[in-house]
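In what follows, chains are A, B, ... by sequence order, proteins preceding strands, each numbered from 1.
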2 protein chains.
Amino acid sequence: MSCKIHAESYDSIIERNWPDGFKKTHQRKDIFILLFCSEEPMSAAEIYDQLNSGDPKEKYAFSTVYRNLLAFEKAGIVTKTVLSTEAEAVYELKKSSHKHYAICTVCHRKIPIKTCPLHDISKFVESSLNGFEITGHQLEILGICNECQKKK
Amino acid sequence: MSCKIHAESYDSIIERNWPDGFKKTHQRKDIFILLFCSEEPMSAAEIYDQLNSGDPKEKYAFSTVYRNLLAFEKAGIVTKTVLSTEAEAVYELKKSSHKHYAICTVCHRKIPIKTCPLHDISKFVESSLNGFEITGHQLEILGICNECQKKK
DNA sequence: ATGTCTGCAAACCTTTTGCAGGGGC
DNA sequence: GCCCCTGCAAAAGGTTTGCAGACAT
């Protein structure tokens, strides 16, 4: 498990972000740190692979990954997103509040879109859907990223 | 297999919309008619169920449904969409050119949005994603439909 | 007659669940 | 010590694939 952030600061990061009354197992801390360090949302398989790529004495079960992602989600610190281009769901910490992605159809990179271009879409749509009460939305931008364009 | 349209017009509908050189099996015609008559995009399971709900002498395999939906998609007359709220993909004929839905989170109804509110989003997003070439997008509106609001 | 399409069954992939043992608090 | 969490294995959905026979052209 590697990250740009110094190992000694992991504890304080966890301390600051941990949900109240949430049991601190080493599996949960490891998943949290992985998500914290990742620039992109991660799938359960990616998390599982990274967890098990380290010391082979440490084993992590797939079910543990899924159950804890769900637990994190319920605790309100993780967001699960299902993208139309991928078979698997992806997960990320809520801190970064990225809700939308530009997805490269070649390399499958997921680039967060900082601002949401939909803030005033609601009135527009609501008027044409008589009575439909909007509670959320999902937006994906598909295309070809900078690097993949160069490769061609 | 029932539909609002009179049975005698099925043949001409198929004649008009059938891809060139695409073999006309009764399974394919039936799937096509189902999609043609549906107001909402359908999942493979929904198509399968409707196909097999008729004369029990007529059997349709799941693989036939999937293979033909894929074949239709390759032939350019069907669109497959993966929605974030559903485990299954949904399929529809391209004719109606519905690309976006308002999805009721209670009853899972999928209401097509006639106009695309994203026609001028591209410049906006492209400028913040240096070099990302946009080729498409997916938008979902989530909420509670008229009927489900009344039920509460 | 040819090659494609079909049904059946098995495989596949992601995710969920049951259970017995282990580890936080 | 209690209860929640973990690992393992099996199951559960949705989708894909291999194969032998059937059908459209």
Side-chain angles (χ1 to χ4, degrees), chain A residues 11 14-15 18-32 34 41-75 77-91 108, chain B residues 11 14-15 18-32 34 41-75 77-91 108:
Chain A
D11 284 351
I14 288 174
E15 218 54 58
W18 210 252
D20 282 347
F22 205 69
K23 212 171 258 188
K24 277 183 202 134
T25 65
H26 80 90
Q27 291 92 336
R28 286 180 172 179
K29 288 194 225 169
D30 290 348
I31 293 171
F32 179 90
L34 274 182
M42 299 178 78
S43 69
E46 286 167 348
I47 294 170
Y48 173 84
D49 286 343
Q50 288 220 29
L51 287 176
N52 287 301
S53 67
D55 188 339
K57 274 175 292 181
E58 306 221 318
K59 289 197 179 175
Y60 301 77
F62 245 115
S63 48
T64 302
V65 175
Y66 278 109
R67 279 195 274 234
N68 285 332
L69 287 171
L70 183 63
F72 278 133
E73 200 187 356
K74 277 191 188 162
I77 65 168
V78 157
T79 305
K80 173 183 180 178
T81 309
V82 180
L83 300 172
S84 65
T85 50
E86 318 281 328
E88 328 161 284
V90 291
Y91 303 83
H108 289 207
Chain B
D11 283 352
I14 288 173
E15 218 53 59
W18 211 251
D20 283 346
F22 204 70
K23 211 171 260 189
K24 276 182 203 135
T25 65
H26 79 92
Q27 292 92 335
R28 285 181 172 177
K29 289 193 224 166
D30 291 347
I31 293 171
F32 179 89
L34 274 183
M42 300 178 77
S43 68
E46 286 167 349
I47 294 169
Y48 173 85
D49 287 342
Q50 289 220 30
L51 287 176
N52 287 302
S53 68
D55 189 339
K57 274 176 291 183
E58 304 222 316
K59 288 197 179 177
Y60 302 77
F62 245 115
S63 49
T64 302
V65 175
Y66 278 111
R67 278 193 274 233
N68 284 333
L69 287 170
L70 183 62
F72 278 133
E73 200 188 356
K74 275 191 188 163
I77 66 168
V78 158
T79 305
K80 172 183 181 180
T81 310
V82 179
L83 299 172
S84 64
T85 51
E86 318 280 328
E88 328 161 282
V90 291
Y91 302 82
H108 289 207

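Considering every non-hydrogen atom in both B:A89 and B:V82, the closest pair reads CB-CG2, 4.2 Å.
Dashed line: the shortest gap from a side-chain N or O of B:R67 to OP1 or OP2 of D:dT16 is not under 4.0 Å. Proximity of A:Y66 to the phosphate of C:dT16: no side-chain N or O atom is located under 4.0 Å from OP1 or OP2. Residue B:K24 places none of its side-chain N or O atoms closer than 4.0 Å to OP1 or OP2 of C:dC5. Dashed line: the shortest gap from a side-chain N or O of B:K59 to OP1 or OP2 of C:dC8 is under 4.0 Å. Close to C:dG23, at under 4.0 Å from its OP1 or OP2, lies no side-chain N or O of A:Q27.
The separation between A:K23 atom NZ and D:dC5 atom P is 6 Å, rounded to whole Å. Per the geometry, NZ belonging to B:K74 stands 11 Å off P belonging to D:dT16, to the nearest Å. In this structure, the CG atom of A:D20 is 13 Å from the P atom of C:dC25, given to the nearest Å. Here D:dC5 presents its P atom at 11 Å from CG of A:L70, a figure rounded to the nearest Å.
Listed nucleotides: C:dC5, C:dT15, D:dG7. Nearest to the side chain of B:T25: C:dC5. With distances taken from any side-chain atom of B:N68 to the nucleotides C:dT6, D:dG14, D:dC5, the minimum falls on C:dT6. Here C:dT14 is the nucleotide among D:dG14, C:dT14, D:dT6 with the atom lying nearest to any side-chain atom of A:A87.
For the pair A:K80 and B:R28, nearest-nucleotide mapping onto DNA chain C gives the more 5' position to B:R28.
Counting non-hydrogen atoms under 4.0 angstrom, B:S63 reaches a base of the nucleic acid. Contact annotation for A:A71: no contact, since no heavy-atom pair falls under 4.0 Å across all strands.
Ring planes of A:H26 and A:Y60: perpendicular class, angle over 60° (limits at 30 and 60°).
Taking CG from A:L83 and OG1 from A:T81, the interatomic distance works out to 6.0 Å, rounded to the nearest 0.5 Å.
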